[in-house]
Amino acid sequence: MGTDIGELLKKQQVEISELSHKVVAVDAYNTLYQFLSIIRQRDGTPLKDSRGNITSHLSGILYRMTSLMEEGIKPVFVFDGKPSHLKARTIEKRTADREKATIKWEEAKSKGLAEEAYMYAQASSRVTHEIVEDSRKLLVAMGIPWVDAPSEGESQAAHMVKRGDANYVASQDYDSLLFGASFVVRNLTITGKRKLPKKNIFVDVKPEIMELGENLAELEIDQSQLIEIALCVGTDYNRGLEKIGPKKALKLIKEHRSIEKVLQAVGQNIEDLQEIKDLFLNPSVTDNYTLKWKKPDTDAIVEFLCQGHDFSKERVIKACERLEKISGPGQRTLDQWF
DNA sequence: TCCACTCC
DNA sequence: GGAGTGGAC
């Protein structure tokens with residue numbers, strides 16, 4: 001997913017408290033996908049209510065956003081709009097991969113291969129329309145704003161950082177840097193535990209910040225060249241060049257100064273090159289949004305999660321009390337919130 | 001208070 | 001992922 005240029009980028013580990021009072025534009029798709037793939041029962045089944053609706057994302061949103069907001073972070077969710085036609089191949093591939101994984105999940109389950117089953121269960125995660133709608137409902141009840149991107153959520157989130165309406169884009173992907181976000185935060189979690197892929201081992205992770213300008217300076221390239229490197233490696237809009245990874249792409253772009261010359265040199269081609277480059281440089285975004293953090297509507301949260309989705313009332317109310325306290329009287333950050 | 005482990 | 005629990009210290 002996204003572009004694999006991570007190893008070129010300098011990241012700075014920070015404490016969550018360092019993000020206090022910052023507005024963070026959360027890449028909704030990325031975050032929801034993360035919740036769906038990770039918040040699961042031991043056999044790999046996602047959390048579900050009694051009617052069979054998936055609820056993993058709701059649990060993730062409720063608890064993580066509550067914790068982040070307790071730290072003084074102001075999240076805004078940015079949802080994907082209509083994807084570019086250039087993304088069609090990637091979307092088809094994701095669908096196919098998901099379908100394969102779903103079949104393999106069943107197979108592994110019937111063979112009693114628990115670990116394998118879990119892995120395929122994760123890979124079968126899908127951010128459905130219903131999951132997006134439910135997430136929006138919960139966000140509204142929690143008083144967290146959200147924005148609909150005309151196209152990519154990541155580009156809209158990057159745009160909001162460029163405009164100064166947000167301080168960071170939160171995403172595990174690197175694409176928002178390609179879209180020109182000057183600050184991106186990864187691993188925006190509380191516990192700081194992350195399961196290693198495949199293995200049943202957990203490692204400590206801290207939020208890490210990437211600064212676009214600093215990275216460009218370090219790599220001695222400009223924004224356009226960073227995009228060209230990504231194009232060489234492969235993005236959601238194009239297949240990467242054969243036998244070219246991020247290190248080699250960087251070297252080639254610096255050496256030849258432009259991707260056209262790189263393509264000549266390696267004797268390969270990238271379809272729709274200019275169009276994709278333009279998509280990163282001039283993405284479709286909107287200024288038509290207002291960011292307003294409101295007091296949580298505890299009744300609505302309880303109604304939605306407990307009556308609607310069988311959450312434990314006791315636990316939900318506890319989370320609501322934490323939320324109310326954030327915006328409540330005696331809170332120093334009160335004026336920062338409204 | 002710190003974990004491992006379970007439940008959601 | 002994050003909350004809750006219970007045993008170990």
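Source: prediction; values computed, not measured. Letters A, B, ... are given to chains in the order of the sequence lines, protein chains preceding strands, and every chain is numbered from 1.
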Exercise for the section: Report yes if at least one side-chain N or O of A/Arg64 is closer than 4.0 Å to OP1 or OP2 of C/dG2; otherwise report no. Expected result: yes
Practice task
State whether A/Glu106 and A/Lys109 are salt-bridged, where the test is any N-O pair (Lys NZ or Arg NE/NH1/NH2 against Asp/Glu carboxylate O) under 4.0 Å.
Solution key: yes
Practice task
Using a strict 4.0 Å threshold on nitrogen-to-oxygen distance, state whether A/Glu116 and A/Lys111 make a salt bridge.
Solution key: no
Practice task
Using a strict cut-off of less than 4.0 Å between a Lys/Arg side-chain nitrogen and an Asp/Glu carboxylate oxygen, indicate whether A/Arg136 and A/Glu133 qualify as a salt bridge.
Solution key: yes
Handout entry: A/Ser67 side chain near C/dA3 phosphate (N/O to OP1/OP2, under 4.0 Å)
Key = yes
Exercise for the section: Starting at atom CD1 of A/Ile61, determine the distance to atom P of C/dA3, rounded to an integer number of angstrom. Expected result: 15 Å
Problem - Distance, rounded to the nearest Å, where A/Phe35 contributes CZ and C/dA3 contributes C1' - result: 14 Å
Practice task
Could you tell me the separation between the CG atom of A/Leu68 and the C1' atom of C/dG1, rounded to a whole number of Å?
Solution key: 11 Å
Which protein N or O atoms sit under 3.5 Å from an N or O of nucleotides 6-8 of chain B?
| residue | atom | partner | partner atom | Å |
| --- | --- | --- | --- | --- |
| B/dT6 | OP2 | A/Arg42 | NH1 | 2.7 |
| B/dC8 | N4 | A/Arg40 | O | 3.4 |

Exercise for the section: Starting at CZ of A/Arg322, measure out to CD of A/Glu70 and round the result to the nearest 0.5 Å. Expected result: 4.0 Å
Problem - For atom CD of A/Glu70 and atom C1' of C/dG2, their distance in whole Å - result: 12 Å
Problem - Presence of salt bridge, A/Glu324 and A/Lys295, under 4.0 angstrom - result: no
Exercise for the section: For A/Lys261, look at atom NZ and say whether over 12 heavy atoms of other residues, nucleotides or ligands are found less than 6.0 Å away. Expected result: no
Problem - For atom CE of A/Met65 and atom C1' of C/dG1, their distance in whole Å - result: 11 Å
